[in-house]
Amino acid sequence: MASEGILLGMGNPLLDISAVVDDDFLKKYDLQLNNAILAEDKHLPMYDELASNPNVEYIAGGATQNSIRVAQWMLQVPGATSYMGSIGKDKYGEEMKKNSKLAGVNVHYYEDESAPTGTCGVCVVGGERSLIANLAAANCYKVEHLKRPENWALVEKAKYFYIAGFFLTVSPESIQLVAEHAAANNKVFSMNLSAPFICEFFKDVQETALPYMDYVFGNETEARTFSKVHGWETDDVEQIALKISEWPKVGGCKRITVITQGADPVVVAEDGKVKKFPVILLPKEKLVDTNGAGDAFVGGFLSQLVQEKPIEDCVKAGCYAANVIIQRSGCTCPEKPDFN
């Protein structure tokens with residue numbers, strides 16, 4: 001049974017503005033499917049265009065927050081999870097607070113006075129998604145917020161930590177504080193490669209955090225980018241997962257790398273060996289959109305990890321959660337899980 005506050009996440013809380021678009025829309029804004037990028041000036045008009053789409057949906061998102069909400073849903077223990085990140089003092093921020101509380105997550109947001117709550121454009125074509133994040137207030141998180149006694153208490157209470165790689169662009173100091181606390185207190189610290197651009201352009205801060213990571217999550221595209229950036233000259237996901245797991249590590253236990261590959265098997269590298277686990281295949285007509293699939297996988301995985309279940313059960317729960325999420329719009333959960 002998971003105890004209160006056992007899992008803490010930190011990241012960029014974003015309100016997803018999600019709509020089904022067409023290839024011309026992707027071309028217009030220079031977007032690729034199955035990619036996640038930060039918004040540039042040329043993308044800013046896109047948010048209004050998405051918002052005016054008759055099928056637009058607003059869903060509380062942000063990679064870490066998605067994973068934490070899914071873990072919370074899987075655990076069904078009120079307050080088992082906590083989350084920190086920065087929002088604006090506006091209607092989107094209020095919406096986010098309401099949404100998270102309803103999900104049972106104990107949120108301690110930093111509320112920025114000047115910037116609006118961050119948004120993420122989710123452009124869906126044929127069930128695949130392209131993500132464009134306008135961080136705004138999410139980019140304003142301050143390490144001082146983490147150090148406040150009422151917030152640091154969440155760190156002290158948690159035994160497991162999860163932070164998506166996207167937070168490396170915002171507050172590497174906060175990540176370092178949590179990582180060092182986890183290492184010093186024999187707690188479990190995990191992160192996600194998150195996106196090719198993180199591996200490419202935030203390589204140094206990623207490498208600073210990597211020795212502390214007990215679990216590294218990612219997908220096949222991110223893993224291959226990581227390999228390329230580090231000059232490993234291999235596209236073989238199993239080899240890359242192994243090499244990441246063998247990266248020098250702080251603390252006693254060995255690192256486990258978990259790489260998802262869409263409909264192909266999940267690759268788990270641990271202790272010099274690779275295991276592969278099949279995913280639950282879904283007929284194409286049941287696919288709504290892949291937005292949040294990777295986040296949901298991590299949430300499902302963590303829900304079993306915090307209960308000290310074996311890795312097979314963690315992967316199985318991850319695949320279950322991802323399978324549920326891709327049959328719904330955005331990273332939203334039905335009322336109760338039926339995972340066993």
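No experiment lies behind these values; they were computed from the predicted model shown.
- One distance of note links CG of L131 with CG of D16; it measures 7.0 Å at 0.5 Å rounding.
- Side-chain contact check for W247 versus H230: some heavy-atom pair is nearer than 4.5 Å.
- Checked by atom type and distance alone, the side chain of S100 never pairs as donor or acceptor with a backbone atom of K97 at under 3.5 Å.
- The NZ atom of K275 sits 4.5 Å away from the CD atom of E312 when rounded to the nearest 0.5 Å.
- Taking 4.5 Å as the limit, some side-chain heavy atom of V258 sits within range of a side-chain heavy atom of F301.
- Taken from CZ in F277 to CD1 in I311, the straight-line distance is 7.0 Å, to the nearest 0.5 Å.
- Inter-residue side-chain proximity for L26 and Q32 is flagged as unmet; no heavy-atom pair is nearer than 4.5 Å.
- Annotation: the span from S18 atom OG to R129 atom CZ amounts to 11.0 Å, rounded to 0.5 Å.
- M10 and V143 fall within a single hydrophobic cluster, where Ile, Leu, Val, Met, Phe, Trp and Tyr side chains are chained together by heavy-atom contacts under 4.5 Å.
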### Message
Show, in sequence, the C-alpha distance, side-chain angles and deciding distance for M84 and V155, and conclude whether the side-chain contact (heavy atoms from CB on, under 4.5 Å) test is met.
### Response
CA-CA 10 Å; M84 285 188 253; V155 177; 4.3 Å; yes
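- By the 4.0 Å N-to-carboxylate-O rule, K203 lies close enough to E207 to be salt-bridged with it.
- Between A195 and A36, the shortest heavy-atom contact is CB-O, 4.0 Å.
- Remark: E246 does not engage K243 in a salt bridge, criterion side-chain N to carboxylate O under 4.0 Å.
- Within 6.0 Å of the NZ atom in K286, the count of heavy atoms belonging to other residues, nucleotides or ligands does not exceed 12.
- By the neighbour-count criterion of 12 heavy atoms within 6.0 Å, atom CD of E335 is sparsely surrounded, having that number or fewer from other residues, nucleotides or ligands.
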### Query
Does the pair D41 and L44 meet the rule for a side-chain contact (heavy atoms from CB on, under 4.5 Å), with working shown?
CA-CA 5 Å; D41 288 347; L44 297 180; 3.9 Å; yes
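- Applying side-chain contact (heavy atoms from CB on, under 4.5 Å) to N219 and the options L193, N192, N34, T260 leaves one that passes, T260.
- With hydrogens and angles disregarded, a donor-acceptor distance shorter than 3.5 Å links the side chain of S227 to the backbone of T234.
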### Query
Please walk me through it: do K28 and M46 pass side-chain contact (heavy atoms from CB on, under 4.5 Å)?
CA-CA 9 Å; K28 178 177 175 183; M46 180 200 70; over 6 Å; no
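- Nearest heavy atom pair, residue A183 against residue V250, reads CB-CG1, 3.9 Å.
- V125 has its side chain within reach of V21: a pair of non-hydrogen atoms, C-beta onward, lies under 4.5 Å apart.
- Annotation for F189 and A209: closest pair CE2-O, 4.5 Å, computed over non-hydrogen atoms.
- Both V56 and I132 are part of a single hydrophobic cluster, where members link through side-chain heavy atoms under 4.5 Å apart.
- Heavy atoms from other residues, nucleotides or ligands lying under 6.0 Å from NZ of K159 number 12 at most.
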### CA sep, side-chain torsions, deciding dist, call: E144, K147, salt bridge (Lys or Arg N to Asp or Glu O under 4.0 Å)
CA-CA 5 Å; E144 290 71 36; K147 289 175 177 172; 5.3 Å; no
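- Remark: K187 NZ is packed, more than 12 non-hydrogen atoms of other residues, nucleotides or ligands lying under 6.0 Å away.
- The hydrophobic clustering, which links ILVMFWY residues whose side-chain heavy atoms are closer than 4.5 Å, places Y141 and L38 together.
- Within a 6.0 Å sphere centred on NZ of K142, other residues, nucleotides and ligands contribute more than 12 heavy atoms.
- Panel note: side chain N99, backbone I59; no donor-acceptor pair is recorded below 3.5 Å.
- In this pair, F217 and F297 present their aromatic rings perpendicular. The plane angle is above 60°, beyond the 30 to 60° band.
- With N53 contributing its side chain and N55 its backbone, the two residues share a donor-acceptor pair below 3.5 Å.
- Using bins of under 30°, 30° to 60° and over 60° for the plane-to-plane angle, the ring pair Y92/Y58 lands in the tilted bin.
- No chain of hydrophobic side-chain contacts below 4.5 Å, direct or via other Ile, Leu, Val, Met, Phe, Trp or Tyr residues, connects F161 to L302.
- By the 4.5 Å heavy-atom criterion applied to side chains, C123 and L31 are counted as neighbours.
- E233 CD: 12 or fewer foreign heavy atoms inside a 6.0 Å radius.
- Under a 3.5 Å cut-off, the side chain of Q72 and the backbone N or O of I68 do not form any donor-acceptor pair.
- Rounding to the nearest 0.5 Å places CD of E4 at 11.5 Å from CD1 of I6.
- Between the side chain of W73 and the main chain of T332, no donor-acceptor pair closer than 3.5 Å is present.
- With contacts defined as side-chain heavy-atom distances shorter than 4.5 Å, the pair N134/H43 does not qualify.
- You'll find the side chain of S82 stays beyond 4.5 Å of the side chain of H108, heavy atoms only.
- The aromatic rings of F339 and Y320 sit tilted, their planes meeting at an angle between 30° and 60°.
- Contact detail for D214 and C253: the closest heavy-atom pair is OD1-SG, 3.2 Å.
- In this structure, a donor-acceptor pair under 3.5 Å is absent between the side chains of S130 and Y29.
- Taking CD from E111 and CE from M96, the interatomic distance works out to 11.0 Å, rounded to the nearest 0.5 Å.
- Using a 4.5 Å cut-off on side-chain heavy atoms (C-beta onward), V70 and D295 make no contact.
- For the 3.5 Å distance criterion, the side chains of D112 and S86 fail to qualify, holding no donor opposite an acceptor.
- There is a side-chain donor-acceptor pair under 3.5 Å between Q327 and N323.
- Looking only at distances, no side-chain donor or acceptor of N12 sits under 3.5 Å from a matching main-chain atom of L135.
- With hydrogens and angles ignored, the 3.5 Å screen pairs a side-chain donor or acceptor of T117 with a backbone N or O of G88.
- For the pair L242 and G272, the tightest heavy-atom approach, listed with the atom from each and the gap, is CD2-C, 3.5 Å.
- Note on L75: it clusters hydrophobically with Y215, by side-chain heavy-atom contacts below 4.5 Å among ILVMFWY residues.
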#### Entry: Step-by-step side-chain contact (heavy atoms from CB on, under 4.5 Å) determination, L146 to Y110
CA-CA 9 Å; L146 173 64; Y110 168 73; over 6 Å; no
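- Between V288 and V124, the shortest heavy-atom distance links the atoms O-CG1, 4.3 Å.
- Counting only distance, with no hydrogens or angles, the side chain of R255 and the backbone of M213 share a donor-acceptor pair below 3.5 Å.
- Q307 places a side-chain N or O within 3.5 Å of a backbone atom of S303 that can act as its donor or acceptor partner.
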